[in-house]
Each structure stands twice: as C-alpha cells, then as structure tokens.
Amino acid sequence: MSPGEFKAGGEGLEIAFGFHPSPFGEALVMATPRGLAGLAFCDDESGRGAILADMRRRWPRAGYLEQPQATAPLAARIFDPALWRPEAPLRLVLIGSDFEISVWQTLLRLPLGGATSYGAVAAHLGKPKAARAVGAAVGRNPLSFVVPCHRVLGKGGAITGYHWGLTRKRAMLGWEAGLAKRG
DNA sequence: AAACGAGGTTCCT
DNA sequence: AGGAACCTCGTTT
C-alpha cells in the first residue's frame with residue numbers, strides 16, 4: 001500500500017462499508033479493493049449514523065456503498081485471533097497526512113500487549129515535544145484497534161483518553177491481556 | 001487536586 | 001491568515 005496513491009479527501013475512492021458485531025460493540029468496517037480502510041465502533045444501532053458521519057468526514061470526496069457482504073469476511077478476520085497471520089497481514093489503506101501515517105506506522109510495530117506513551121512516540125519520530133500532536137494524530141486514526149491506538153497510554157501508564165470512549169479502550173487492553181496470558 | 005502554558009499538527013472560518 | 005481543537009506533559013498554585 002502506498003499512502004500517496006490517493007488524493008487528500010479520498011478523491012476517486014470507492015469505499016464499501018458494513019456494520020458487524022465485535023467484542024467491543026458494533027463495528028463499522030470500511031474497505032476498498034486495495035484493503036481495509038476504516039474501522040470504528042458504536043454501542044448500538046442508534047449510533048450508526050454518527051460514526052458513519054465521523055468516518056465520512058475523513059474522506060469527504062470518496063464514494064460510499066453499504067455492502068456488508070463485502071466487509072463481513074474482514075470483520076471476521078480482524079476479531080478472531082486464530083485467523084491472524086503475520087506472514088500474510090491484512091492489507092491496509094492508510095489515508096492521511098505524512099505525519100499521521102508515520103505515527104500510525106509506529107503504532108503498527110507495537111507488540112501485542114505492549115504499551116507506550118504519546119511522548120515516547122513523539123521522541124521516536126524525532127520530535128520529543130510533539131506529544132500532543134501525536135495524541136491528535138492517534139485520535140484521528142481511522143483504523144481503530146487494527147492500528148493499536150489503545151496501546152498508547154499517558155506518561156506513567158495512565159489511561160488518558162480515547163476517541164471511542166475510555167471504557168472501550170480498557171476493554172481492548174483487557175481483551176489483549178487475556179490473549180497474551182493464553183499464549 | 002486543579003489550573004496553566006507550551007507545544008506540533010490539523011481543521012474550520 | 002487566524003483561531004480553536006486535540007487520546008499530552010511538566011510545572012505551578
């Protein structure tokens with residue numbers, strides 16, 4: 001995947017989406033022919049409109065089609081650890097600014113259950129004072145959970161904030177902790 | 001414990 | 001171009 005492949009705003013992009021159950025509530029899965037483009041969460045059907053609007057705002061010029069049959073296999077694979085294959089990773093389509101993409105790629109290297117802090121990510125990017133910018137970029141991550149934004153904690157390990165709710169962040173960390181324990 | 005300012009980047013007007 | 005917002009951090013009341 002090459003991020004520069006798409007114009008800002010998702011111009012000319014066709015995005016298929018569908019809502020599927022997940023361990024963390026109902027998941028909105030978005031995909032292009034190139035791979036997974038978006039993943040977001042809501043508590044119930046009443047929240048669908050809001051998160052769909054939230055995601056569409058990220059790529060206002062893209063076209064959207066509700067095609068649950070197209071996104072269902074992706075949802076199944078994302079949330080079933082038995083289907084995770086390091087040698088054949090999911091194809092991801094990261095759409096964002098250079099800074100955002102570098103932050104997200106840093107997160108993708110985090111090991112399962114491994115935590116870091118906003119400041120540490122900023123330092124890794126050579127901008128030790130950009131912790132807040134990292135927070136903003138992480139918060140704009142369109143691939144919630146797949147890009148492990150929930151593994152970024154405040155300095156000292158405090159769970160500081162989460163776009164989709166602190167409760168969900170804790171749920172993800174607990175779910176991963178259970179995985180690690182089981183092996 | 002709460003309030004404050006610096007800080008990098010993006011979004012909106 | 002200007003201002004506000006953001007999943008922060010360190011320092012000061």
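Letters A, B, ... mirror the listed sequences (proteins, then strands); counts begin at 1. Computed from a predicted model, the values in this text were never measured in an experiment.
- For the pair A/Leu166 CG and C/dT8 P, the interatomic distance rounds to 10 Å; values are reported in whole Å.
- Base pairing analysis places C/dT12 opposite B/dA2; the two distances defining the Watson-Crick or G-U wobble pair are each below 3.5 Å.
- Across the P atoms, C/dA4 and B/dC4 are found 16 Å apart, a figure rounded to whole Å.
- Residues A/Val93 and A/Leu36 are not in side-chain contact: their nearest non-hydrogen atoms beyond the backbone lie 4.5 Å or more apart.
- Taking atom NE2 of residue A/His163 and atom P of nucleotide C/dT8, one finds them 13 Å apart after rounding to whole Å.
- For the residue pair A/Tyr162 and A/Ser144, a side-chain donor N or O sits within less than 3.5 Å of a side-chain acceptor on the partner.
- Within 4.0 Å (heavy atoms only), A/Ala136 reaches at least one base atom of the nucleic acid.
- Between A/Phe99 and A/Trp104, the distance from one ring center to the other does not fall under 6.0 angstrom.
- Phosphate contact (OP1/OP2 of B/dT9, side-chain N/O of A/Lys127, threshold under 4.0 Å): present.
- Within 4.0 Å (heavy atoms only), A/Ala131 reaches sugar-phosphate atoms of the nucleic acid but no base atom.
- Side-chain atoms of A/His163 and A/Asn141 form no donor-acceptor pair, as typed in the model, at a separation below 3.5 Å.
- Taking atom NZ on A/Lys129 and atom C1' on C/dT11, their separation rounds to 14 Å, with Å as the unit.
- Here C/dC9 presents its P atom at 14 Å from CD1 of A/Ile159, a figure rounded to the nearest Å.
- Proximity of A/Trp84 to A/Leu179: side-chain heavy atoms (C-beta onward) are separated by under 4.5 Å at one or more points.
- Taking atom OH of A/Tyr118 as the reference point, atom P of C/dT8 lies 6 Å away to the nearest angstrom.
- Side-chain contact between A/Leu107 and A/Cys149 is present, with at least one heavy-atom pair separated by less than 4.5 Å.
- The residue among A/Gly119 and A/Arg132 whose nearest nucleotide of DNA chain C lies closer to the 5′ end is A/Arg132.
- Applying a 4.0 Å cut-off to non-hydrogen atoms, none of the residues of residues 144-155 of chain A approaches DNA chain B.
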Please enumerate all protein N or O atoms sitting under 3.5 Å from an N or O of nucleotides 10-13 of chain B, with distances to 0.1 Å.
unit_1: B/dT10; atom_1: OP1; unit_2: A/Ser97; atom_2: OG; d: 2.3

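- Between A/Leu173 and A/Ile159 the shortest side-chain heavy-atom distance falls below 4.5 Å.
- For the pair A/Arg48 and A/Phe19, the cation-pi test (distance below 6.0 Å, angle within 45°) is passed.
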Donor-acceptor contacts under 3.5 Å from residues 38-47 of chain A side chains, at least two apart:
unit_1: A/Asp43; atom_1: OD1; unit_2: A/Arg168; atom_2: NH2; d: 3.4
unit_1: A/Asp44; atom_1: OD1; unit_2: A/Ser46; atom_2: N; d: 2.8
unit_1: A/Asp44; atom_1: OD1; unit_2: A/Ser46; atom_2: OG; d: 2.2

